[in-house]
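These figures come from a predicted structure and were not determined experimentally. The figures that follow rest on heavy atoms only: side chains count, while hydrogens, waters and symmetry mates do not. So that the names make sense, note that chain A is the first sequence line, chain B the second, and so on, each numbered from 1.
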There are 2 protein chains.
Amino acid sequence: MATTDRQLVEQWRSIQDAYFRTSCAIDRALEAKFDIGLNEFEILDLVAESSETACRMKALGERTPMTQSAVSKVVDRLERAGLLARHSCADDRRSLFLELTDAGRALHKQAAVEHRAVLKENLS
Amino acid sequence: MATTDRQLVEQWRSIQDAYFRTSCAIDRALEAKFDIGLNEFEILDLVAESSETACRMKALGERTPMTQSAVSKVVDRLERAGLLARHSCADDRRSLFLELTDAGRALHKQAAVEHRAVLKENLS
DNA sequence: TCAAGCTATATGACACGTCATTCAATGACA
DNA sequence: TGTCATTGAATGACGTGTCATATAGCTTGA
């Protein structure tokens, strides 16, 4: 009972610790080298990953813990930074279809290497 | 190489997922039942845990990933809510010594039960 | 004992996330 | 086809976290 609770809390703290250490490390590295944060990278990564299918915005919302409005704002920033473009979708004019620009694709390629490297350093 | 990267990313995603699911669940539960957030609870928990020693503020900063200024603000809110009090420290008048109020202690006791319960539901 | 530096905390500006709301487009059904 | 509900996305108000700084108290050494 008490020991179970203790173990639970221990387990939770270790998850928190791994999460904070790693996400801060990624964030700092990406911020320093590419001037984008972790969430920006995650979106770039998702878009890069699924460069086939259309109508992304919606899909992104489903693949990330971020809110729809958060996604919208991250995409704003990426678009302003010239890394990503919104295209309207022919078959459903409410939907938007996202695509990396050349700059975005290039940056993502480098950032992904960095990202994996930081993961390697920080995860068991 | 590629497979290692893939595994790394998988591992990272699973940590992220566990972290988000669990922290959101705790946050919602505490927010709904006790009107405090996760960080507020963590601070209450830390203070409750070490109710012996003095000059807490500093010590808290070392036991949490939060920034010193974040801790200061969380303590502000807890103090405003009447759950916690700052006492000045006799031997070093820069330091502050934190103490749960009766209300704080009572709330922490209940909230801790809830906290452990949510952990149990969300962790393997 | 006084200056210079260090330490503990608070505060203000700012970035970013959430929630609630809005708006346009779509679907469904009479 | 016209109305009503629903869906995809954007926006504004707001809370909370971070960084840089301010402030007060402590310490050290001449």
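The CG atom of Asp35(A) sits 13 Å away from the C1' atom of dA15(C) (whole-angstrom rounding). Between the CZ atom of Phe97(B) and the C1' atom of dA8(C) there is a distance of 16 Å, rounded to whole Å. The CG-P distance, from Asp27(B) to dG15(D), rounds to 15 Å in whole Å. Note: CG (Leu60(A)) to P (dG17(C)) measures 14 Å, nearest angstrom. Per the geometry, CZ belonging to Arg86(A) stands 16 Å off P belonging to dG8(D), to the nearest Å. The CG atom of Asp91(A) sits 16 Å away from the C1' atom of dA24(C) (whole-angstrom rounding). Distance, Leu96(B) CG to dT7(C) P: 18 Å, rounded to whole Å. Rounded to an integer number of Å, the gap from CG of Leu38(B) to P of dT18(C) is 15 Å.
Taking the nucleotide of DNA chain C with the nearest heavy atom to each of Ser95(B) and Glu31(A), the more 5' of the two is matched to Ser95(B). Two residues, Arg28(A) and Ala90(B), neighbour DNA chain D, and the one matched to the more 5' nucleotide by heavy-atom proximity is Arg28(A). For the pair Val71(A) and Arg93(A), nearest-nucleotide mapping onto DNA chain C gives the more 5' position to Val71(A).
Among dT18(C), dG25(D), dA10(C), the nucleotide with an atom closest to any side-chain atom of Asp92(B) is dG25(D). Distances from the side chain of Ser69(B) to the nucleotides dA20(D), dT9(C), dG17(C) place dA20(D) closest. Of the candidates dT9(C), dT11(D), dG17(D), the closest approach to any side-chain atom of Asn39(B) belongs to dG17(D). Closest to the Arg77(A) side chain, of the nucleotides dC16(C), dT9(C), dA13(D), is dC16(C). Nearest nucleotide to the side chain of Arg94(B), out of dT11(C), dT7(D), dC26(D): dC26(D). Of the candidates dA10(D), dA8(C), dT18(D), the closest approach to any side-chain atom of Lys73(B) belongs to dT18(D).
Side-chain atoms of Gln16(B) and Glu42(A) include a donor-acceptor pair closer than 3.5 Å.
With hydrogens and angles ignored, a donor-acceptor pair closer than 3.5 Å exists between the side chain of Gln68(A) and the base of dA10(D).
Taking 4.0 Å as the cut-off between side-chain N and carboxylate O, Arg56(A) and Glu49(A) do not count as a salt-bridged pair.
Contact annotation: Ser72(A) side-chain N/O to dA10(D) OP1/OP2 distance is under 4.0 Å. A sub-4.0 Å separation between OP1 or OP2 of dT18(C) and a side-chain N or O of Thr67(A) is present.
If you take CG on Leu8(A) and CZ on Arg13(A), they are separated by 12.0 Å, rounding to the nearest 0.5 Å.
In this structure, Tyr19(A) has its ring center no closer than 6.0 Å to that of Trp12(A).
Of the possible donor and acceptor atoms, one in the side chain of Asp27(B) sits under 3.5 Å from a partner among the backbone N and O of Leu38(B).
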